[in-house]
Amino acid sequence: MIIGENLTLEEKLEILGDAAKYDVACTSSGVERKGNGHGIGNAVKGGICHAFAADGRCVSLLKILMTNECCYNCRYCINRSQNDVVRATFTPEEVASLTIEFYRRNYIEGLFLSSGIYPNPEETVKRMLEAVRLLRTKYRFGGYIHVKTIPGASMEITQEIGWLADRMSVNLELPTADGLRRLAPNKTRETILKPMRMIQNGIELDRRGQQDQIRRIGVSNDGILLPGRSTSVSSSDRFRVRKPAVQNGDMQSSMQNFLQQRPDGNMGRFVPAGQSTQMIIGATGENDYQIMSVTEQLYRKFDLKRVFYSSFINVNHDSDMPQWSGRTILDREHRLYQADFLLRFYGFDVKDLLTPQRPNFNMLLDPKCDYALRHLEKFPVEVNRASYQTLLQVPGIGVTSARRIIAARRGGILDFADLTRMGVVMKRAVYFVTCKGKMMYRINMNENSLMNYLVDDKNRFLLTKEGVQYEQLSLFDFGIGGNA
């Protein structure tokens, strides 16, 4: 371990901003381009990253570690204790003042704060709490704050952060407990899941408390979706409706005790943006079916907003760790994210996408196209009669375009030109839909032929590697005469 002594604030920022880039709960980090001195603006990396808000806006965050010192020796982490890397630590005041100064200059709109673990989880989280408390109280900062809490810290201090932060996250690290034991022996599944459950319960108790306040002042609560309420919801809400983690018999007393822990003067919500987690994929031997099954359970049982997937990078050059090519592991990560969206917004279950007999995603096709090819008995569907849920299963039709189809067909019968205007991606959807009972082209509805149509030209040479026989298309396979 190399301790950086007498480091300037800028040097600390460079070290700890760069060290935070492996956490993918936000997206991109900065770039190296400096200002030329003749204009305005500067794109030097300094912990600036970009994340997307719930309404689709791209926002800039200061993404840093509190410290890159760590007493743990996780084999996948660049900051593990046995590595000789330059170590730096921010004080809580430095984190708060940096955030404010970046915000005043309009560089950022919020803070993403994570940390190495030193000297222990409790002391680490205390420093993070102090930084967030300074921002909220001393500097009156009302912007977005995401805190990556540390498993093993006390529930009281984790809960206090929850009253000050907008989003919290606890890294699951690896999909299975066995992988965690082998690569991160200082961490256990129990210590990781405990704060996740506490955050979930806190969000639920706060939601119940807010509802009680609304009832007392006589305001309608129609827009509030309570856990356990029997109601009809869209596919994007289906993971939100579940049995309460806190039993109803203890709800009132638990809610009162919980709300009493709210810091003085804080009238905000508890973790209003919800919680998320991150899994490293490719460091251990789990297949896609196992990873997505864990993801599904996290959404169902812990009410998570997002699960992030981080491709394993052998930053420690460990010969015992897997060696992935860049394209292979990134393609796999991309497929996992696509499947994750199908779970959250399209009404799919893991069993629809993968099976123990077919446990990995097709690298040539996105999961929805692959699902359609394996369930050709369901296609083509008639867009003028199909239900909303059925439309969501069609490749090329998303949530927005499905809603547009449902609304538009009330006023008349739709044709293929109408689908294009509604945003349907026809280069995929055309093989799986009919309008007025007819398909746009005469095609062979079998998996082999459709695979040829759907695979991009740049990936066509990989067909034989995937075990799919390539066939030269002919005019008889793909009719050129319009409707057939």
Side-chain angles (χ1 to χ4, degrees), residues 3-26 29-30 42 44-51 59-71 78-79 85-150 153-154 157-171 195 263 266 268 271 273 276:
I3 304 298
E5 298 181 355
N6 302 318
L7 295 175
T8 65
L9 190 60
E10 186 175 353
E11 289 170 333
K12 288 183 181 181
L13 180 61
E14 182 175 356
I15 294 169
L16 296 174
D18 184 66
K21 68 185 179 183
Y22 298 103
D23 198 315
V24 298
C26 300
S29 295
N42 191 324
V44 174
K45 68 178 182 182
I48 305 297
C49 73
H50 303 91
V59 296
S60 298
L61 304 177
L62 175 62
K63 181 180 178 183
I64 54 175
L65 300 184
M66 193 83 194
T67 180
N68 65 341
E69 293 187 56
C70 195
C71 59
I78 190 65
N79 296 316
V85 298
V86 179
R87 309 287 178 164
T89 301
F90 281 129
T91 66
E93 178 61 41
E94 287 174 334
V95 171
S97 61
L98 266 175
T99 303
I100 289 299
E101 293 304 321
F102 272 68
Y103 184 79
R104 286 171 176 165
R105 289 164 173 78
N106 203 29
Y107 291 166
I108 62 169
E109 295 172 79
L111 169 69
F112 177 94
L113 183 62
S114 185
S115 184
I117 304 169
Y118 191 84
N120 55 59
E122 184 74 4
E123 292 301 317
T124 302
V125 177
K126 280 184 179 178
R127 292 197 298 267
M128 298 169 73
L129 170 62
E130 183 59 26
V132 177
R133 185 188 287 124
L134 284 171
L135 276 169
R136 294 300 198 205
T137 58
K138 177 180 177 180
Y139 293 101
R140 305 293 181 187
F141 179 68
Y144 178 85
I145 296 179
H146 180 165
V147 176
K148 180 81 67 175
T149 192
I150 308 297
S154 67
I157 196 168
T158 303
Q159 179 177 306
E160 191 169 350
I161 290 179
W163 286 113
L164 299 171
D166 294 285
R167 171 168 285 189
M168 294 183 71
S169 52
V170 186
N171 278 357
N266 185 334
V271 196
S276 59

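Values reported hereafter were calculated over all heavy atoms of this structure, with side chains retained and with hydrogens, waters and symmetry mates removed.
In this structure, NZ on Lys148 lies 11.0 Å from CG on Leu65, to the nearest 0.5 angstrom. The CD1 atom of Ile108 sits 14.0 Å away from the NZ atom of Lys63 when rounded to the nearest 0.5 Å. Atom-to-atom distance recorded for Leu111:CG and Leu98:CG is 9.5 Å, nearest 0.5 angstrom. A distance of 10.5 Å separates NZ of Lys126 from CZ of Arg133, quoted to the nearest 0.5 Å. The line from CG of Leu62 to CG of Leu13 is 6.5 Å long, rounded to the nearest 0.5 Å.
The two residues Ser169 and His146 come nearest to each other via the heavy atoms OG-NE2, 2.7 Å. In terms of heavy-atom proximity, Cys71 sits nearest to Pro119 at SG-O, 3.6 Å. Contact record, Ala88 with Leu16: O-CD2, 3.5 Å, taken as the closest heavy-atom pair. Across Arg167 and Ser276, no two heavy atoms sit closer than the pair CD-OG, 3.9 Å. Residues Arg87 and Asn68 approach most closely at NH1-O, 2.5 Å, considering heavy atoms.
Lys12 meets the side-chain hydrogen bond (donor to acceptor under 3.5 Å, both in side chains) test with Glu94; sequence neighbours excluded. Glu109 meets the salt bridge (charged side-chain N to carboxylate O under 4.0 Å, His left out) test with no other residue; sequence neighbours excluded. Scored by the side-chain hydrogen bond (donor to acceptor under 3.5 Å, both in side chains) test, Thr67 finds Thr89 as partners (sequence neighbours excluded). Every residue was checked against the salt bridge (charged side-chain N to carboxylate O under 4.0 Å, His left out) condition with Arg140, not counting sequence neighbours, and none meets it. With sequence neighbours excluded, the residues satisfying side-chain hydrogen bond (donor to acceptor under 3.5 Å, both in side chains) with Asp166 are Arg136. Residues satisfying the salt bridge (charged side-chain N to carboxylate O under 4.0 Å, His left out) test with Glu122, not counting sequence neighbours, are none. A search for side-chain contact (heavy atoms from CB on, under 4.5 Å) contacts involving Val125 returns Thr149, Ile150, Ala153, Ile157, Ile161, not counting sequence neighbours. Listed by chain and residue number, Phe141 satisfy the ring-ring contact (aromatic ring centres under 6.0 Å, His included) test with Tyr103 (two or more places apart in sequence, or in another chain). Here Glu93 pairs with Thr91, Ser97, Leu134, Lys138, Tyr139 under the side-chain contact (heavy atoms from CB on, under 4.5 Å) rule; sequence neighbours left out. For Glu11, there are no salt bridge (charged side-chain N to carboxylate O under 4.0 Å, His left out) partners two or more places apart in sequence or in a different chain.
Counting only heavy atoms from C-beta outward, the side chains of Val147 and Met128 approach each other to under 4.5 Å. Looking at heavy atoms from C-beta onward, Ile145 lies out of side-chain contact with Thr99 at the 4.5 angstrom threshold. Side-chain contact check for Ile15 versus Leu7: some heavy-atom pair is nearer than 4.5 Å. Looking at heavy atoms from C-beta onward, Phe90 lies out of side-chain contact with Leu113 at the 4.5 angstrom threshold. Side-chain contact between Pro92 and Met66: present, with at least one pair of heavy atoms (C-beta onward) separated by less than 4.5 Å.
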Candidate pair Thr137 and Leu164, rule side chain to side chain contact (heavy atoms under 4.5 Å, CB included), full reasoning: CA-CA 10 Å; Thr137 58; Leu164 299 171; 5.7 Å; no

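With salt bridges taken as basic N to acidic carboxylate O contacts below 4.0 Å, none links Arg127 and Glu130. Salt-bridge formation is detected for the pair Arg105/Glu101: a Lys NZ or Arg NE/NH1/NH2 atom is positioned less than 4.0 Å from an Asp or Glu carboxylate oxygen.
Side-chain N or O atoms of Thr124 include one that pairs as donor or acceptor with a backbone N or O of Tyr118 at under 3.5 Å.
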